[in-house]
Amino acid sequence: MLGLLGLTAAIVASFAYAVFAVVTRLEQRIVAQNRELEQRNEELGALLAVGRAASSSLEQTELLDEAMAAILEFTRADAAEVWLQGEEDELHLAAHRGLAKEAFTERTRVRSGEGLPGLAAELRAPVVVHDLSSDPRTVRDSLKAFGFQSYCGLPLRFRGETVGVLGVAALDPGKLSSDAELRLLEGIAERLATAIENSRLHGRVLDGAVLEERMRLARELHDGLAQVLGYINMQTHAIDKLLESGDMASARAELTGLDDAARGVYRDVREEILGLRVSLPRQGLVPALRSYLAEFEPMTTTALHLEVAEDVETRELPPSTEIQLVRIVQEALSNIRKHARAASASVRLSTDGDGLTVEVSDDGRGFDPLRSEPTGWPRFGLRTMRERAQAIGGRFEISSHPAQGTRIVVHVPLVQSK
């Protein structure tokens with residue numbers, strides 16, 4: 001009986017030990033899976049953070065700075081840099097963030113295959129080093145002197161083309177070595193390459209819009225100045241004949257008219273120069289209008305006001321749309337200065353769900369738009385504004401009555417983000 005009890009106890013103990021071992025292995029597996037899941041979540045969070053940073057702006061300097069800040073926050077790197085591909089297989093250092101800026105900027109240009117960034121670009125594959133101090137391929141001695149040991153250079157590839165190299169460095173030789181870290185950095189490089197190419201595409205589109213606007217402005221200035229020069233030439237001959245005939249009173253009257261014309265064209269040219277300076281840089285619609293009104297107001301006796309709805313501030317418009325809207329506002333304000341005799345004028349920007357509305361109104365003398373357009377010299381009038389609005393798919397409206405001011409409205413459809 002005692003032997004049977006002992007055997008039973010041994011069987012139970014053995015079974016309990018086996019169950020305990022199975023439970024322990026399951027717990028260890030669950031812990032490992034949880035740790036892997038947490039690591040994956042951290043990687044995903046880092047990729048999302050870098051993606052958000054890289055897409056926060058279309059301005060290359062801003063997006064690179066934001067992306068590298070996210071890289072340093074979510075990786076174990078102590079410094080990060082971005083090299084961009086230039087002409088003739090040359091890379092130039094575009095941005096740095098983190099420790100030892102002077103050490104990283106010791107060299108700001110390398111050729112393909114030169115140094116670790118150039119090698120990553122040439123091989124089109126990551127280059128990882130953990131003994132930077134003794135690696136002969138390093139061309140920046142300042143990095144070694146500062147104490148950096150780990151460096152990872154990752155090619156930034158977009159649709160088969162290398163657009164640059166992402167470099168991250170650490171003082172600890174054990175960092176940037178795990179598969180998880182390298183996998184994360186490769187994911188970051190992929191998103192950064194896309195953001196850089198989007199920024200370049202935006203720049204090319206904006207450059208095209210700027211060039212087109214410059215050509216349009218050149219034509220307008222040429223036509224306007226041609227009228228002025230023709231008038232001056234005609235008046236000069238008339239004044240010369242009056243002087244020859246001794247009619248000094250008439251000559252003085254003609255000179256007064258010529259002086260008025262010269263002053264008028266001087267103001268017009270100043271407006272055009274101001275318009276070129278304000279509307280063409282890459283600053284966005286609202287900042288451009290704020291800048292223009294601040295500089296234009298001292299040139300007129302009319303008090304100017306800008307009213308911008310809150311949701312307009314965050315709207316990103318195509319470059320051509322921004323430029324045309326700024327030029328429409330400039331033309332409207334120019335007309336107010338020349339013809340309206342207004343005490344005040346307002347520029348209002350608002351959205352109504354499917355479009356952006358730009359309104360310019362004044363409390364001046366107004367006119368009857370059905371009978372005639374106000375004349376000015378030199379000017380391109382309402383037709384030019386209407387053509388600009390139509391060129392960007394917009395709708396142009398004008399309402400005015402004698403002694404009741406003028407109101408110009410441009411409505412531009414907005415592309416809804418998906």
Side-chain angles (χ1 to χ4, degrees), residues 52-63 66 195 198-199 201-203 205-210 212-213 271 274-297 300 302-336 342 344-363 382 384-399 405-418:
R52 282 194 300 268
S55 61
S56 62
S57 172
L58 287 172
E59 290 296 328
Q60 195 170 89
T61 301
E62 293 181 10
L63 77 87
E66 292 294 329
N198 286 340
S199 173
L201 178 60
H202 174 74
V205 171
L206 183 54
D207 288 341
V210 168
E212 181 181 350
E213 181 62 13
E271 282 185 19
L274 173 60
L276 279 169
R277 187 170 70 248
V278 171
S279 65
L280 296 186
R282 306 174 184 183
Q283 54 181 315
L285 176 61
V286 176
L289 289 178
R290 285 201 179 103
S291 177
Y292 185 78
L293 265 65
E295 295 196 46
F296 182 80
E297 190 167 23
T300 180
T302 304
L304 303 180
H305 309 279
L306 177 63
E307 302 175 15
V308 182
E310 185 176 352
D311 58 342
V312 176
E313 294 275 5
T314 58
R315 291 281 185 174
E316 289 190 0
L317 301 174
S320 58
T321 299
E322 290 184 349
I323 289 176
Q324 296 291 21
L325 289 176
V326 170
R327 293 298 294 168
I328 288 171
V329 172
Q330 290 172 353
E331 180 67 28
L333 293 177
S334 179
N335 286 336
I336 291 172
S344 65
S346 297
V347 180
R348 300 180 180 88
L349 281 71
S350 61
T351 60
D352 58 5
D354 65 339
L356 171 68
T357 298
V358 179
E359 176 187 325
V360 183
S361 60
D362 66 76
D363 60 2
L382 303 176
T384 299
M385 289 189 282
R386 183 176 285 108
E387 289 174 352
R388 288 183 180 278
Q390 292 172 349
I392 54 177
R395 186 175 68 252
F396 178 86
E397 300 172 358
I398 181 168
S399 60
T406 302
R407 178 173 173 266
I408 289 172
V409 178
V410 178
H411 184 83
V412 180
L414 295 174
V415 179
Q416 299 294 327
S417 59
K418 297 181 179 180

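Worth knowing before you read on, the calculation uses all heavy atoms, side chains too, and leaves out hydrogens, waters and symmetry mates.
Closest approach of Ser344 to His305, counting heavy atoms only: CB-NE2, 4.2 Å. A pairwise comparison of heavy atoms in Gly394 and Pro413 identifies CA-CD, 4.3 Å as the closest pair. Of all the heavy atoms in Ile392 and Gln324, the pair that sits closest is CG2-CG, 3.7 Å. Here the closest heavy-atom approach between residue Ala389 and residue Phe396 is recorded as CB-CB, 4.0 Å. Contact detail for Ile408 and Met385: the closest heavy-atom pair is CD1-CE, 3.7 Å.
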(request) Report the C-alpha separation of Ile336 and Thr406 in whole Å, then their side-chain angles, then the decisive distance to 0.1 Å, and conclude whether the side-chain contact (heavy atoms from CB on, under 4.5 Å) test is met. (result) CA-CA 9 Å; Ile336 291 172; Thr406 302; over 6 Å; no
(request) Any chance you could lay out the side-chain contact (heavy atoms from CB on, under 4.5 Å) test for Val358 and Ile328, step after step, and finish with the verdict? (result) CA-CA 9 Å; Val358 179; Ile328 288 171; over 6 Å; no
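Considering Leu306, Thr357, Asp311 in turn, Leu306 is the only one that fulfils the side-chain contact (heavy atoms from CB on, under 4.5 Å) rule with Leu349.
Under the 4.5 Å side-chain criterion, counting only non-hydrogen atoms from C-beta, Phe296 is in contact with Leu333. Counting heavy atoms from C-beta on, the side chains of Leu356 and Leu325 come closer than 4.5 Å. Side-chain contact between Glu297 and Leu293 is absent, with no heavy-atom pair separated by less than 4.5 Å. Looking at heavy atoms from C-beta onward, His411 lies in side-chain contact with Asp352 at the 4.5 angstrom threshold. The shortest distance between side-chain heavy atoms of Thr351 and Val312 falls below 4.5 Å.
Listed by chain and number, the residues in a salt bridge (charged side-chain N to carboxylate O under 4.0 Å, His left out) with Arg348 are Glu307, Glu359 (sequence neighbours excluded). Glu397 is linked by a salt bridge (charged side-chain N to carboxylate O under 4.0 Å, His left out) to Arg395, counting only residues two or more places apart in sequence or in another chain.
With hydrogens and angles ignored, the 3.5 Å screen pairs a side-chain donor or acceptor of Thr302 with a backbone N or O of Ala342.
Taken to the nearest 0.5 Å, the OG1 atom of Thr384 stands 10.0 Å off from the CZ atom of Arg327. For the atom pair Arg290 CZ and Leu285 CG, the distance stands at 10.0 Å (nearest 0.5 Å).
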